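Protein chains get the first letters and strands the later ones, always in sequence-line order, with residue 1 at the start of each. Not measured: the values here are computed from a predicted model.
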Amino acid sequence: MSAATGQDDCNALVKPSGNPKFGDYQANGIMALAKKLNTNPRQLAQQVVDKLDIDDICETPEIAGPGFINLRLKTNFLVDRLLEINADANNRLAVDKVADAQTVVVDFSGPNIAKQMHVGHLRSTIIGDSISRMLDFLGHNVKRQNHIGDWGTQFGMLIAYPDWRIKCESQAPEGAEPLIDAVGNRCIEDLEWLYKEAKRVFDSSSEFADFARKSVTQLHNLHPATVKLWKNIVDESRKHYQPIYDRLSVHLDKSNERGESFYADKLAPAVDWLKDKGLATKSDGAMCVFLDGFKNKEDQPLPFIIQKSDGAFLYATTDLAAMRFRLDELGAKRIIYVTDARQKLHFQMLFGTTEQAGWKDDDVKLQHVTFGTVLGEDGKPFKTRSGENIKLSDLLDEAVTRAKAVVESKNPDLSDAEKDKIAKAVGIGAIKYADYSNNRESDYVFSFDKMLAMEGNTAPYMQYAFARIKSIERKAADKGVDIEKDLKGLKKLNLTDAAELDLAKHILRYSEAIESAAAECRPNYLTSYLYELSQKFSTFYNDCPVLIAEADKRPTRLLLCKLTEKTIAHGLTNLLGIEVVEKM
RNA sequence: GCGCCUGUAGCUCAGUUGGAUAGAGCAACGGAUUUCUAAUCCGUAGGUCGCAUGUUCGAGUCAUGCCAGGCGUGCCA
């Protein structure tokens with residue numbers, strides 16, 4: 001376009017065609033440029049087409065409608081690309097690494113110590129994981145940060161409660177057990193019980209509330225006995241959430257933990273820095289940063305509170321300290337926060353303060369990746385009947401149990417071990433996929449029935465496509481087919497059937513899916529791609545027999561199977577952390 | 001009050017810096033299995049893209065106003 005017009009600022013806007021009759025790709029950019037140059041778009045399109053040198057890729061471009069340029073890929077081009085992927089020892093599936101690799105911090109999951117992970121943690125945990133996986137695959141230097149809640153106000157009451165109970169032992173209810181010695185050996189359910197008890201008392205007794213606050217101070221001053229108790233509780237909690245990460249195939253472990261406690265000694269310096277700069281001022285006793293454009297109900301400036309009137313720090317402080325650490329120590333060029341949409345205002349203020357403070361260079365991108373709420377069938381936030389949060393472990397258990405029942409009915413002859421493996425992959429995959437496949441910004445209704453229906457756009461549909469390919473591979477030997485031999489060093493293909501061409505073209509579009517999903521942190525772009533791939537494969541599978549195909553057709557079809565298999569496996573397992581299975 | 005998000009087929013949802021006749025799945029209806037897994041495939045039907053005005057060659061997409069729901073809005077995270 002530049003060559004045809006002499007303009008350097010033009011964008012061809014080449015996109016996949018909305019309708020197959022317009023070819024494979026269409027250039028939408030001509031009309032806008034023609035308008036800018038005040039010229040006839042169809043004539044301009046012709047001029048651009050005359051300058052185009054893409055004979056090796058496409059058939060002769062067609063000009064259509066008001067000035068679209070329609071492009072149809074040459075079969076030879078498709079063949080060359082497929083063979084290239086087949087020969088690629090690195091298994092990149094035609095996805096290039098980015099030229100400008102960046103250090104990207106991804107902050108996600110963030111469970112609270114001493115509380116079981118519940119359905120509210122699901123989205124941050126798995127969306128963050130998938131974003132990390134995609135960016136990593138594209139060649140970025142990804143630093144996963146699990147900002148666990150281990151140091152806040154609520155943590156004080158947890159530590160304080162046993163002591164306080166002993167003080168008040170005379171008022172203790174009948175049968176209450178002494179807690180202080182036992183806490184270190186508690187399992188997560190007891191810790192959670194302890195947490196709830198402490199919270200209840202905290203809310204009803206100002207005396208205990210004061211006591212709990214002192215306890216936080218003791219912890220923050222690194223009082224040895226208090227710290228010891230704290231460590232026990234943190235370790236105990238990790239024993240709970242690590243297995244959940246493992247079950248979800250989420251790549252988080254102790255090495256990614258940088259909880260609130262990690263920033264403990266960086267809080268005061270951050271506040272001091274802002275005070276010294278004159279950005280932070282006292283208002284109603286609290287240390288606040290006031291930013292332009294933020295108003296409260298009374299149309300007064302809305303504060304970003306960085307230190308409470310009692311001198312204690314809060315989550316804004318921790319986030320500011322973490323921000324500096326990530327920028328200065330981790331060298332982040334992009335920081336992605338994966339939290340629910342309700343925290344939007346907080347992050348706007350955090351980013352604004354960071355901006356004002358001059359902590360970040362202009363080329364550093366701060367991004368709040370939000371998501372909606374998981375709802376129950378009643379359209380309200382997903383809770384148990386008694387109003388409690390639904391535990392993630394219970395949710396996973398139920399999904400696996402339900403999936404097991406389906407496996408039993410569909411495929412009763414498999415061994416128990418196989419059934420369990422499939423149930424695990426299908427059940428947990430279904431939960432994750434249902435989440436990923438929604439636009440993350442919408443709320444969605446959690447429904448086991450829908451996600452495990454195994455029809456339509458669900459994980460099992462893709463797992464099934466994968467299993468069918470594996471089945472073909474298992475049967476090959478019986479039919480006298482040596483797949484290795486057919487595919488190794490394959491030099492030419494025989495691509496003719498509509499289903500073959502359709503599938504081939506889609507396989508080659510994997511990189512488009514990953515790049516758009518990663519650019520906008522939208523895993524649903526990837527799930528859509530994988531679903532379409534599986535659909536096209538199923539059509540192909542129906543129309544085009546593989547093992548009994550003519551000798552000149554068979555390698556082509558085997559290759560399409562192999563590449564579909566690799567792409568599904570890569571997309572599901574490597575990028576979404578959903579297992580595939582050989583049989584189902 | 002102000003701010004943000006959401007509103008697309010009966011239901012659940014896609015829809016990529018504005019592109020051609022708005023797409024899937026479920027549910028409904030009709031068909032396909034002597035052939036590699038029918039957890040599949042093919043087809044039919046189903047729409048005032050919340051409402052209105054505007055911007056333009058072109059609007060589900062952008063702007064403005066309105067309606068409905070959700071969330072947020074000074075010491076929780």
- Given A:H121 and A:F108, is the ring-ring contact (aromatic ring centres under 6.0 Å, His included) satisfied, shown in steps? CA-CA 9 Å; A:H121 295 109; A:F108 66 105; over 10 Å; no

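Each of B:rA77, B:rA24, B:rA38 was ranked by its minimum atom distance to the side chain of A:Y541; first place goes to B:rA38. The side chain of A:K410 lies closest to B:rA39 when the candidates are B:rU16, B:rA24, B:rA39. Taking the side chain of A:S538 as heavy atoms from C-beta on, and the options B:rA20, B:rC41, B:rA14, the nearest nucleotide is B:rC41. For A:Y525, whose side chain is taken as the heavy atoms from C-beta onward, the closest listed nucleotide among B:rU37, B:rG15, B:rA14 is B:rG15.
Residue A:D340 is classed as having no contact, given no heavy-atom separation below 4.0 Å to the nucleic acid. If you check every strand for non-hydrogen atoms under 4.0 Å, A:S528 touches sugar and phosphate atoms only. Within the 4.0 angstrom heavy-atom criterion, only backbone atoms of the sugar-phosphate kind lie near A:Y444; the bases stay farther away. Residue-level contact check: A:D299 touches neither bases nor backbone, having no heavy atom under 4.0 Å from any strand. Among the heavy atoms of the strands lying under 4.0 Å from A:N70 is at least one base atom, whether or not backbone atoms are also near. A:E582 comes within 4.0 angstrom of a nucleotide base, judged by non-hydrogen atoms across all strands. Using a 4.0 Å heavy-atom criterion, one finds that A:I469 contacts no nucleic acid atom at all. At the heavy-atom level, A:D443 lies under 4.0 Å from the strands shown only through sugar-phosphate atoms. A:M287 comes within 4.0 angstrom of nothing in the nucleic acid, heavy atoms only. Within the nucleic acid shown, A:A34 has no heavy atom closer than 4.0 Å to any nucleic acid atom.
With P as the reference atom, B:rC41 and B:rG46 are 23 Å apart, rounded to whole Å. Nucleotides B:rU8 and B:rC62 place their P atoms 16 Å apart, quoted to the nearest Å. Remark: the separation of the P atoms in B:rA27 and B:rU12 is 15 Å, to the nearest Å. With P as the reference atom, B:rG19 and B:rC66 are 28 Å apart, rounded to whole Å. Going from the P atom of B:rC57 to that of B:rG18 covers 16 Å, rounded to whole Å. If you take atom P in B:rA63 and the same atom in B:rG25, they sit 32 Å apart, rounded to whole Å. Across the C1' atoms, B:rU61 and B:rA22 are found 11 Å apart, a figure rounded to whole Å. Remark: the separation of the P atoms in B:rU34 and B:rG15 is 40 Å, to the nearest Å.
If you measure from atom CG of A:L375 to atom P of B:rU6, you get 15 Å, rounded to the nearest angstrom. Remark: P of B:rA77 and NZ of A:K199 are 11 Å apart, rounded to the nearest angstrom. Taking atom CD1 of A:I30 as the reference point, atom P of B:rG58 lies 19 Å away to the nearest angstrom. With rounding to whole Å, A:R440 atom CZ is found 17 Å from B:rC13 atom P. Between A:R42 atom CZ and B:rG58 atom P there is a gap of 17 Å when expressed in whole angstrom units. In this entry the distance linking CG of A:L503 with P of B:rU40 reads 18 Å, nearest Å. Rounded to whole Å, atom P of B:rC42 lies 10 Å from atom CG of A:D502. Atom OH of A:Y263 is separated from atom P of B:rA77 by 16 Å (rounded to the nearest Å).
Between A:Y529 and A:H506, the angle of the ring planes stays under 30°, which puts this pair in the parallel group of the 30/60° scheme.
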Set out, line by line, the N/O atom pairs under 3.5 Å between protein and nucleotides 72-75 of chain B.
from   : atom 1 : to     : atom 2 : distance (Å)
B:rG74 : N7     : A:N296 : ND2    : 3.4
B:rG74 : N1     : A:S283 : OG     : 3.2
B:rG74 : N2     : A:S283 : O      : 3.2
B:rG74 : N2     : A:S283 : OG     : 2.5
B:rC75 : O2     : A:S309 : N      : 3.0
B:rC75 : N4     : A:D284 : O      : 2.6

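For A:N112 and B:rC76, the shortest distance from a side-chain N or O to OP1 or OP2 is not below 4.0 Å. The phosphate of B:rU37 has OP1 or OP2 within less than 4.0 Å of a side-chain N or O from A:K475. Contact check, A:N439 against B:rG15: a side-chain N or O comes under 4.0 Å of OP1 or OP2. Remark: A:Y461 is in phosphate contact with B:rC41, judged by side-chain N or O atoms under 4.0 Å from OP1 or OP2. Between A:S442 and B:rU12 there is no side-chain N or O to OP1 or OP2 distance below 4.0 Å. Distances shorter than 4.0 Å separate none of the side-chain N or O atoms of A:S437 from OP1 or OP2 on B:rA14.
Across every strand in view, B:rG7 sits in a pair with B:rC67 that passes the Watson-Crick or G-U test at under 3.5 angstrom. Using Watson-Crick or G-U wobble geometry with both donor-acceptor distances under 3.5 Å, B:rC29 finds its partner in B:rG43. The base-pairing partner of B:rC2, taking Watson-Crick or G-U wobble contacts with both distances under 3.5 Å, is B:rG72.
Heavy atoms of other residues, nucleotides or ligands lying less than 6.0 angstrom from CG of A:D478 number more than 12. Annotation for A:K266: atom NZ counts as buried by contact number, over 12 foreign heavy atoms lying within 6.0 Å.
Between A:N411 and A:K583, the side chains place no donor N or O within less than 3.5 Å of an acceptor N or O (distance only, hydrogens not considered).
Partner of A:W151 under the ring pair (Phe, Tyr, Trp, His ring centres under 6.0 Å) criterion, chosen from A:F313, A:Y315, A:W230: A:W230. When each of A:H368, A:R123, A:K344 is paired with A:T339, the side chain to side chain donor-acceptor pair (under 3.5 Å) condition holds for A:H368 and for no other.
Ring-to-base geometry does not place A:Y315 in a stacked arrangement with B:rC76 (centre distance under 5.5 Å, plane angle under 30° required). With centroids closer than 5.5 Å and planes inclined by less than 30 degrees as the test, A:F68 and the base of B:rG19 fail to qualify as a stacked pair.
With hydrogens and angles ignored, no donor-acceptor pair under 3.5 angstrom links the side chain of A:Y464 to the base of B:rA39.
Closest-nucleotide positions on RNA chain B for A:F22 and A:E520 were compared, and the one nearer the 5' end corresponds to A:E520. Both A:E260 and A:A341 lie near RNA chain B, and the one whose nearest nucleotide falls closer to the 5' end is A:A341.
Under a 4.0 Å N-O distance rule, the pair A:E473/A:K470 qualifies as a salt bridge. Under 4.0 Å is where a charged nitrogen must lie from a carboxylate oxygen, and between A:E579 and A:K421 no such pair does.
The aromatic ring centroids of A:H346 and A:F351 lie 6.0 Å or more from each other. Aromatic pair A:F211/A:F202: ring centres not closer than 6.0 Å.
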